[in-house]
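The structure under discussion appears below in the form of structure tokens.
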Amino acid sequence: VQLQASGGGLVQAGGSLRVSCTASRRTASSNILGWFRQAPGKEREFVAAIGWRGGTTYYADSVKGRFTISRDNAKNTAYLQMNSLKPEDTAVYYCAAGSIWGRSSPSDFGSWGQGTQITVSS
């Protein structure tokens, strides 16, 4: 599965941004689409994930209530809507595909897209 992330950019604190991730196809081994982020000098961390079939979601505590993940199966595309952005949300954001529901470790996701930079200014 190939993943293509798009969106991102520079936004002021309190603002909103949406990033997208389009998959080349959906398979049983890639039925979970997740977003991760990595800030300079920090480890890659889980942000949110969604199941392609049922559309159920789960989030990291740090983004609950601010970020929303959704998907459009017809387009093989998942979206991450980010509201009330904070400077600490600044990072390179990656989308990834996995197969086990509820997992949040990068090692549980086998396919990765290229990162997209999101910078939140204070």
Side-chain angles (χ1 to χ4, degrees):
V1 175
Q2 293 183 325
L3 302 172
Q4 179 71 42
S6 60
L10 174 65
V11 64
Q12 289 187 333
S16 298
L17 211 57
R18 189 178 81 162
V19 291
S20 304
C21 180
T22 299
S24 58
R25 65 186 188 278
R26 290 183 282 125
T27 68
S29 62
S30 62
N31 59 328
I32 309 297
L33 195 290
W35 284 97
F36 290 77
R37 65 187 182 186
Q38 188 166 18
K42 295 188 176 181
E43 294 186 351
R44 192 167 297 188
E45 65 174 3
F46 172 78
V47 175
I50 188 167
W52 283 116
R53 287 187 292 182
T56 48
T57 61
Y58 56 103
Y59 297 88
D61 288 342
S62 58
V63 306
K64 279 181 182 177
R66 299 189 299 122
F67 291 12
T68 302
I69 189 170
S70 61
R71 92 276 191 243
D72 183 336
N73 284 9
K75 297 180 179 180
N76 282 356
T77 298
Y79 305 95
L80 185 68
Q81 175 68 42
M82 300 174 285
N83 299 328
S84 302
L85 282 161
K86 305 174 182 180
E88 51 264 43
D89 293 318
T90 296
V92 176
Y93 283 69
Y94 298 89
C95 59
S99 61
I100 304 175
W101 181 251
R103 297 293 178 90
S104 59
S105 170
S107 62
D108 293 317
F109 290 75
S111 300
W112 290 81
Q114 88 288 4
T116 183
Q117 176 71 47
I118 292 175
T119 302
V120 184
S121 62
S122 57

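Any value given below was found using the heavy atoms of this structure, including those in side chains, with hydrogens, waters and symmetry copies removed.
R25 places a side-chain heavy atom less than 4.5 Å from the side chain of T27. The shortest distance between side-chain heavy atoms of W101 and N31 does not fall below 4.5 Å. Side-chain atoms of R37 and E45, non-hydrogen and from C-beta on, do get closer than 4.5 Å to each other. Proximity of F46 to S105: side-chain heavy atoms (C-beta onward) are nowhere separated by under 4.5 Å.
The salt bridge (charged side-chain N to carboxylate O under 4.0 Å, His left out) contacts involving residues 108-118 comprise R103-D108, where partners must be two or more places apart or lie in separate chains. For residues 111-121, every residue pair satisfying the side-chain hydrogen bond (donor to acceptor under 3.5 Å, both in side chains) rule, not counting sequence neighbours, is listed here: Q117-T119. For residues 10-19, the pairs satisfying side-chain hydrogen bond (donor to acceptor under 3.5 Å, both in side chains) are S16-N83, with sequence neighbours left out.
Other members of the hydrophobic cluster containing V120, listed by chain and number, are V1, L3, V11, L17, V19, L33, W35, V47, I50, W52, Y59, V63, F67, I69, L80, M82, L85, Y93, I118; membership follows side-chain contacts under 4.5 Å among ILVMFWY residues, whether direct or relayed.
A distance of 11.0 Å separates CZ of F109 from SG of C95, quoted to the nearest 0.5 Å.
Legend: residues meeting salt bridge (charged side-chain N to carboxylate O under 4.0 Å, His left out) with D72, ordered by chain and number and at least two apart, are absent. Residues satisfying the side chain to side chain contact (heavy atoms under 4.5 Å, CB included) criterion with S84, sequence neighbours excluded, are R66.
The closest donor-acceptor contact from the side chain of S62 to the backbone of A60 lies at 3.5 Å or more, if one exists at all. When atom types are taken as modelled, the side chain of S24 and the backbone of Q2 share a donor-acceptor pair closer than 3.5 angstrom.
The pair K64-D61 counts as a salt bridge, with a side-chain nitrogen and a carboxylate oxygen less than 4.0 angstrom apart.
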Carefully, step by step, assess N73 and R71 under the rule side chain to side chain contact (heavy atoms under 4.5 Å, CB included).
CA-CA 6 Å; N73 284 9; R71 92 276 191 243; 3.0 Å; yes
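For the pair R44 and Y94, the cation-pi test (distance below 6.0 Å, angle within 45°) is passed.
Of all the heavy atoms in S30 and S99, the pair that sits closest is N-CB, 4.5 Å.
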